[in-house]
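In what follows, chains are A, B, ... by sequence order, proteins preceding strands, each numbered from 1. Worth knowing before you read on, the calculation uses all heavy atoms, side chains too, and leaves out hydrogens, waters and symmetry mates.
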Protein chains: 2
Amino acid sequence: MARDSDITPPRLVGGHPPADAAAKPTRRPAGLAGAAAARPLRPIESSSVVGLAYEQIRELILTGAIAPGERLGQVELAEQLGISRTPVREALRRLAGEGLVTARTNHGFRVAEIGIEEVMRRLEIRLLLEPGVARLAAERATADHLAAIDATIAREERARDAAETHDASRDFHLAVARATGNPDIVATLAAQWIVEIGRRLLARRTARPDWQGRDIAEHKAIAAAIAGGQGDLAEQLMREHVASALDHWAAKADA
Amino acid sequence: MARDSDITPPRLVGGHPPADAAAKPTRRPAGLAGAAAARPLRPIESSSVVGLAYEQIRELILTGAIAPGERLGQVELAEQLGISRTPVREALRRLAGEGLVTARTNHGFRVAEIGIEEVMRRLEIRLLLEPGVARLAAERATADHLAAIDATIAREERARDAAETHDASRDFHLAVARATGNPDIVATLAAQWIVEIGRRLLARRTARPDWQGRDIAEHKAIAAAIAGGQGDLAEQLMREHVASALDHWAAKADA
DNA sequence: CGACTTACGAATGGATACAATATGGCGAGA
DNA sequence: TCTCGCCATATTGTATCCATTCGTAAGTCG
């Protein structure tokens, strides 16, 4: 079959994947080479057309190429992807399960809208989850986990635009979650970012001049607390960290 | 996650989905009449065939009619439902998105397995979330919310078997989550129950003689704290409530 | 002149047909 | 007897086709 392009293999987020080994920070093949170690053989990434369509449509949505609220015509997508409508529909259905698109019978699929109030709802979930996650991470993190966390901070410092900054920041939080050893926590937390479509709302946030530097500083403090096994401190720092983001958005909502 | 649209119906509540009207005869009788009857599947005879197929397959999995790990043959399901494979596939893909079934390309769909360690991973998420949820509920609950919470406790007391008890107990926790006013919290929490396939593992838990009564008593105490606006107390009681469940399963895991 | 009706076109939902892949049995050879 | 390789069959994956519904806009009546 048309194996046109190398695909992004295991989805980072979404669904409830059973195993988490091979933790991959982002879809960049670069970086961590020998970390796998455990099993020399990795299962083959089967490239079904559905999977490819899923990846591509997802990327279109996440990069903002298709705006929130916009219609996702099945024929149009199928033609552009060079496939038939059937796999497109299944890919869309899968995206709907993740909340990236909405579906109404006989009305087709649309890119999910997201407003400030929804961002705040998600942040509230993070505020409930992440302090405890940080505590667990401090109690359980292995050396590999700590290295992975540091790597995301390094990426954050190297980031050159809002999108990279956002991705690295998100991956920091997911790396902390991974340190709990509970893959379901990672999946649940990752779901809170899924709907931040297009990273556009975030662009406004990161536009605030001092934000990025402050974010990184807070991340470093949290990482240090985790590395030092200081569960109470990590919990408290993470709570303040997420709460400040929530406050920031709340202020924006009023304006 | 769950947004409106009929593709994402309520499905959080205990009972069966509401009966749908609009009986529109399918234009294809497709006579393999006597072949069915193996499973309690009734042919679908309404619009939105995917949704209905989803409901029925989901019910089969949740009630344990199809055991975890068992294969979900597309043709078999399609024939028993009296529809074609296309909507069946889409329903299965949607169930895969929720983690109820697993999908491997060219290998078909299977009912997801779940073991004690997975139940514990889910409980750990609940342990992170629910204390804070209880606090928020105490701060925000309206009279309607309180009534809904009480209703689930009443159902719990009326329950006559393990399945009813389990459903009512789950609905208590979801009703508390609903009192936070954040629907995403409800969805996130609900996802933690989704994979408790067949309520079978739970049957063993509820088999413990004093369990049900103790559960109800704890629920009542939590509800009282929420109704009284005692956020600290509600949080603490909920933490102990969930923690005891986690301890219980941990003990089981050792045995 | 405006609101309602009604046809037409386009796109979705579902069914069927075809292609590709895996599963299981059988036989040959070590 | 066990293992490997091959073939038949069953099942999944994808494409194509038909029926139905929705959106739109022209057309008609008040």
Can you find a side chain N or O atom of [X] that sits less than 4.0 Å from OP1 or OP2 on [N]?
| X | N | value |
| --- | --- | --- |
| B/R71 | D/dT12 | yes |
| A/Q74 | C/dG13 | yes |
| A/H107 | C/dA11 | no |
| B/T86 | C/dG14 | no |

Between the base of [N] and the side chain of [X], is there a donor-acceptor distance below 3.5 Å?
| X | N | result |
| --- | --- | --- |
| B/T105 | D/dT12 | no |
| B/R89 | C/dG14 | no |
| B/R85 | D/dG13 | yes |

Value in whole Å for how far the [atom2] atom of [N] lies from [atom1] of [X]:
| X | N | atom1 | atom2 | value |
| --- | --- | --- | --- | --- |
| A/E76 | C/dA10 | CD | P | 15 Å |
| A/L52 | D/dA15 | CG | P | 11 Å |
| A/E79 | C/dT12 | CD | P | 11 Å |
| B/E70 | D/dT11 | CD | P | 14 Å |
| B/R110 | D/dT11 | CZ | P | 13 Å |
| A/N106 | C/dA10 | CG | C1' | 13 Å |
| B/R104 | D/dG13 | CZ | C1' | 15 Å |

Residue whose closest nucleotide on DNA chain D lies nearer the 5' end, A/P87 versus B/L72 =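 It is B/L72 whose nearest nucleotide is closer to the 5' end.
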message = Testing the basics here: between A/W249 and A/M120, what is the closest heavy-atom pair and its distance to 0.1 Å?
response =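 Residues A/W249 and A/M120, closest heavy atoms: CB-CG, 3.8 Å.
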ask   = Between A/E118 and A/R121, does at least one N-O distance fall below 4.0 Å, as a salt bridge requires?
value =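 Yes, charged N to carboxylate O under 4.0 Å.
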message = For B/E130, is there an ion pair with B/R126 - N to carboxylate O distance below 4.0 angstrom?
response =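 The answer is yes: the pair qualifies as a salt bridge.
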query = Do the side-chain N and O atoms of B/T142 and B/H145 include a donor-acceptor pair separated by under 3.5 angstrom?
reply =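 Yes, because at least one side-chain N or O of B/T142 sits under 3.5 Å from a partner of the opposite role on B/H145.
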message = By nearest atom, which of the nucleotides D/dT12, C/dG14, D/dT14 is closest to the B/V49 side chain?
response =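 When the side chain of B/V49 is considered, C/dG14 is the closest of D/dT12, C/dG14, D/dT14.
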request  = Show your working on side-chain contact (heavy atoms from CB on, under 4.5 Å) between A/Q192 and A/H173 and close with a plain yes or no.
outcome  = CA-CA 11 Å; A/Q192 308 312 317; A/H173 288 267; over 6 Å; no
